[in-house]
Amino acid sequence: MQASGTDCILIIDFGSQLTQLIARRIREGGVYCEVHPFHKITVAFLQTFEAKGAVLSGGPGSVMGTMSPRVSERLFTLGIPILGICYGYQVLVTQLGGAVAHSTHREFGRTVVKVVDSCALFSDIWIPGSREQVWMSHGDRVVAPLPQGFRTVAVTDGAPFAAIADDDRRFYGVQFHPEVVHTPHGAALLHNFVRRLCRCRGDWSMAAFRTQAVEQVRAQVAGQRVLCAVSGGIDSAVTAVLVQEAIGDGLLCVFVDHGMMRLGESEQVISLFRERFNIRLIHRNAADLFMRKLKGIYDPERKRQMIGATFIDVFEEEAQREAKTDFLAQGTLYPDVIESVSFHGGPSVTIKSHHNVGGLPERMKLQLVEPLRTLFKDEVRQLGRILGLPDNMVRRHPFPGPGLAIRLIGQSVTRDKLDLLRRADAIYLEEVYDAGLYEAIWQAFAVLLPVRTVGVMGDARSYDHALALRAVTSTDGMTADFYPFDHAFLSRVANRIINEVKGINRVTYDITSKPPGTIEWE
Ligand code: XMP
């Protein structure tokens, strides 16, 4: 993954929930970095990786536990700067001959450190005598004597060695978490580490990434053809545009239109690919087939499975009409490929799979082209902008692969119900846009409920569908809070939907967080 000539920082993951944040902060400073689990850091790995510096992440373990995670001793002999954070700091100290003990004074949350000495890590940020806010989360703490060569540079009530430094070897340890926003100078400390101490140039940018990625795709596919399944989402769109930049007409995109997209979305996808980017695109309108296959299916998981299987059949059929292809491009992102280290630090790992095209590469014997696999979602958005994707595509909320089918709750999928839901959803999203709230919300959508309710419209009785509105804030879709719309907004949306969409006579707003709810209702 590491491109030659690019300065790279190695982040060694001990299983902290915050490890990805370290990567984010470093990249924001224009320095490329990669996260690798501690048990993959072998001597052979270190010999080939060419890191300009290493960061040891936090983690849930205790260095005093039996079998607690460690890092290859070889790391300390490479002559590169090392920064240990929280658990990673305790690993650094333990492996260099120091000691760690359980503490009776545990520190969780905002804490104040007192800076007691200067060091290169603090240069131009913290000065001796100052008190600085940091964020702590530790039970164990480093105790005297420190390993040879280190001195104390910051203290707290609960951690007499809150930060230590060995400027000669350029080894540093901090008990607090510089990667979180509750450590206000944390990002600056990390930038000091990677720029001043590791001497990274800070020239990693999306523009540089684009050039490199295009070259890598070209080298990987070496004149052969590439297929790409496009969905209307940002990840597959950016992937396709990048691959086209690399190989032009060697790329063929297939848009399997299951007929369960939002209002106007299929047309937008087609015009974007064909007109704006001049990409070869097969648009297969398979709505009839999907409707037939989904007939009588009420169970959410069966809907998903049927949609997934039908998608693969149609995609394969279309792809095989073309000349033979060897590669499949997909928009896998970094969070999908980082191997998460288990909480007990053991070697078991889980890798999330890309569920929308699951099974396709094996079945069609295709090799994968995944140019976005080192990027985070907002970096993909940035790349999308550079590649000239329209703003409404770049900012688009996530949309599930099975589309509106899983928003017809507990109901079988029919064209009529899809149409009802689609029109209500479009009104809701239009209002969200007009109120300037689209950016602040992770996902907003309508859900058609399987109940009908009595209403009175004009002088007549109505007996129509109830609809739920959902809007959540989130950073990664793993947890979410409902969005606190004001009443005037909700009332405006409800009125418009009931007046404009015949067949819906009641609107509710979902105020469930995730957990315990999920974002989608099915
Ligand atoms: P949940 O409902 O699990 O959703 O809280 C988390 C995120 O995943 C999306 N989602 C899906 N995406 N295929 C997809 O491609 C699916 O089957 C699927 N189910 C949920 C959901 O929209 C949210 O962004």
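In what follows, every heavy atom counts, from backbone to side chain, and hydrogens, waters and symmetry copies are set aside.
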Any non-hydrogen side-chain atom of Val63 less than 4.5 Å from a side-chain atom of Val91?
yes
| message | Counting only heavy atoms from other residues, nucleotides and ligands, does the tally under 6.0 Å from CD1 of Ile386 exceed 12? | response | yes
Is it the case that the side chain of Gln175 and the backbone of Ala163 share a donor-acceptor pair, with hydrogens and angles ignored and the cut-off at 3.5 Å? no
Exercise. Would a 4.5 Å heavy-atom cut-off, applied to side chains only, mark Trp521 and Ile406 as touching?
Worked result: no
ask   = Would you say the side chains of Thr518 and Glu520 form a donor-acceptor pair under 3.5 Å?
value = no
Residues passing the side-chain contact (heavy atoms from CB on, under 4.5 Å) test with Ser16, sequence neighbours excluded, are Leu18, Thr19, Ser57
- prompt: Which is it for Thr6 and Gln212 under the side-chain hydrogen bond (donor to acceptor under 3.5 Å, both in side chains) test, yes or no, and what are the steps along the way?
  reply: CA-CA 10 Å; Thr6 308; Gln212 257 171 25; 3.0 Å; yes
| task | Mind running side-chain contact (heavy atoms from CB on, under 4.5 Å) on Tyr32 and Asp7 for me, showing each step along the way? | result | CA-CA 6 Å; Tyr32 183 70; Asp7 291 340; over 6 Å; no
Notebook entry, point to check: Parallel under 30°, tilted from 30 to 60°, perpendicular over 60°: which one fits the rings of Tyr438 and His397?
Noted result: parallel
Walk me through whether Met261 and Leu404 qualify under side-chain contact (heavy atoms from CB on, under 4.5 Å).
CA-CA 6 Å; Met261 304 288 279; Leu404 298 180; over 6 Å; no
Just wondering, more than 12 heavy atoms not from Arg131 lying within 6.0 Å of its CZ? no
Go through it in stages, so that I can follow the logic: the residues are Gln20 and Glu179, the test is side-chain hydrogen bond (donor to acceptor under 3.5 Å, both in side chains), and I'd like the CA-CA distance, side-chain angles, deciding distance and then a yes or no. CA-CA 9 Å; Gln20 290 197 28; Glu179 67 274 30; over 6 Å; no
What one should report as the nearest heavy-atom pair of Val153 and Cys119 is CG1-CB, 3.9 Å
*Among side-chain atoms of Tyr172 and Asp167, is any donor-acceptor pair under 3.5 angstrom?*
yes
Between Gly88 and Leu56, the two heavy atoms sitting closest are O-CD1, 3.4 Å
To the nearest 0.5 Å, atom CD of Gln220 lies from atom CD of Glu370 at 9.0 Å
Is there side-chain contact between Trp135 and Val181, with at least one heavy-atom pair below 4.5 Å?
no
_Any side-chain to backbone donor/acceptor pair from Arg25 onto Val180? Under 3.5 Å, distance only._
no
Are the side chains of Trp126 and Leu121 in contact, using a 4.5 Å heavy-atom criterion? no
Are Glu107 and His138 close enough that a side-chain donor and a side-chain acceptor fall under 3.5 Å?
yes
| task | Just do the salt bridge (charged side-chain N to carboxylate O under 4.0 Å, His left out) check on Arg218 and Glu215 with the steps written out, would you? | result | CA-CA 5 Å; Arg218 216 173 271 150; Glu215 280 165 18; over 6 Å; no
When rounded to the nearest 0.5 Å, the distance separating CD1 of Ile26 from CD of Glu34 is 12.0 Å
Heavy atoms of Gln443 and Pro400 approach each other most closely as NE2-CD, 4.4 Å
Is it true that the side chains of Gln268 and Arg396 contain a donor and an acceptor less than 3.5 Å apart? yes
Heavy-atom closest pair (Ala154 atom, Val116 atom, distance to 0.1 Å) is N-CG2, 3.8 Å
Taking every heavy atom of Trp442 against every heavy atom of Pro398, the minimum-distance pair comes out as O-CD, 3.1 Å
Applying salt bridge (Lys or Arg N to Asp or Glu O under 4.0 Å) to Arg385 and not counting sequence neighbours gives Asp391
Original post:
Between Arg470 and Ala446, is there a donor-acceptor pair closer than 3.5 Å when you use the side chain of the first and the backbone of the second?
Top reply: no
Distance col, row Phe122:CZ vs Leu189:CG, nearest 0.5 angstrom, shows 6.5 Å
Thr183 side chain to His185 backbone, donor-acceptor under 3.5 Å:
no
| message | For Glu522 and Arg407: C-alpha separation, side-chain torsions, deciding distance, then whether salt bridge (charged side-chain N to carboxylate O under 4.0 Å, His left out) applies. | response | CA-CA 7 Å; Glu522 283 199 336; Arg407 295 176 181 169; over 6 Å; no
Item checked: Side chain to side chain, Arg195 and Val31, heavy atoms closer than 4.5 Å -> yes
| query | Is there a side-chain contact between Thr152 and Asp117 (heavy atoms, below 4.5 Å)? | reply | no
Value for CZ (Phe171) from CD1 (Ile164), rounded to nearest 0.5 Å, stands at 11.0 Å
Between Phe445 and Val447, the two heavy atoms sitting closest are CE1-CG2, 3.6 Å
Next on the checklist: Angle between ring planes, Tyr428 versus Phe489, binned at 30° and 60°: parallel, tilted or perpendicular?
Outcome noted: tilted
query: Would you say the side-chain atoms of Asp140 and Ser62 include a donor-acceptor pair closer than 3.5 Å?
result: yes
State whether the side chain of Thr111 and the backbone N or O of Gly109 hold a donor-acceptor pair below 3.5 Å, judged by distance alone. yes
Donor-acceptor pair, Thr239 side chain versus Asp235 backbone, under 3.5 Å?
-> yes
Output for pair (Arg141 CZ, Thr156 OG1), nearest 0.5 Å, gives 8.0 Å
Go through the steps for Asp124 and Arg196 under the test salt bridge (charged side-chain N to carboxylate O under 4.0 Å, His left out), then give the verdict.
-> CA-CA 11 Å; Asp124 296 336; Arg196 290 183 188 223; 2.5 Å; yes
CD (Gln133) and NE2 (His182) are apart, to the nearest 0.5 Å, by 9.0 Å
Is any side-chain heavy atom of Phe108 closer than 4.5 Å to one of Arg106? yes
Between Asp378 and Arg381, is a salt bridge (charged side-chain N to carboxylate O under 4.0 Å, His left out) present by the stated rule, with each step listed?
CA-CA 5 Å; Asp378 56 340; Arg381 293 205 162 103; over 6 Å; no
Task: Phe376 six-ring centre to Arg24 NZ/CZ under 6.0 Å and within 45° of normal - done: yes
Min side-chain heavy-atom separation Glu245-Arg210 under 4.5 Å: yes
Taking it one step at a time, do Leu437 and Tyr483 satisfy side-chain contact (heavy atoms from CB on, under 4.5 Å)? CA-CA 10 Å; Leu437 299 174; Tyr483 187 80; 3.4 Å; yes
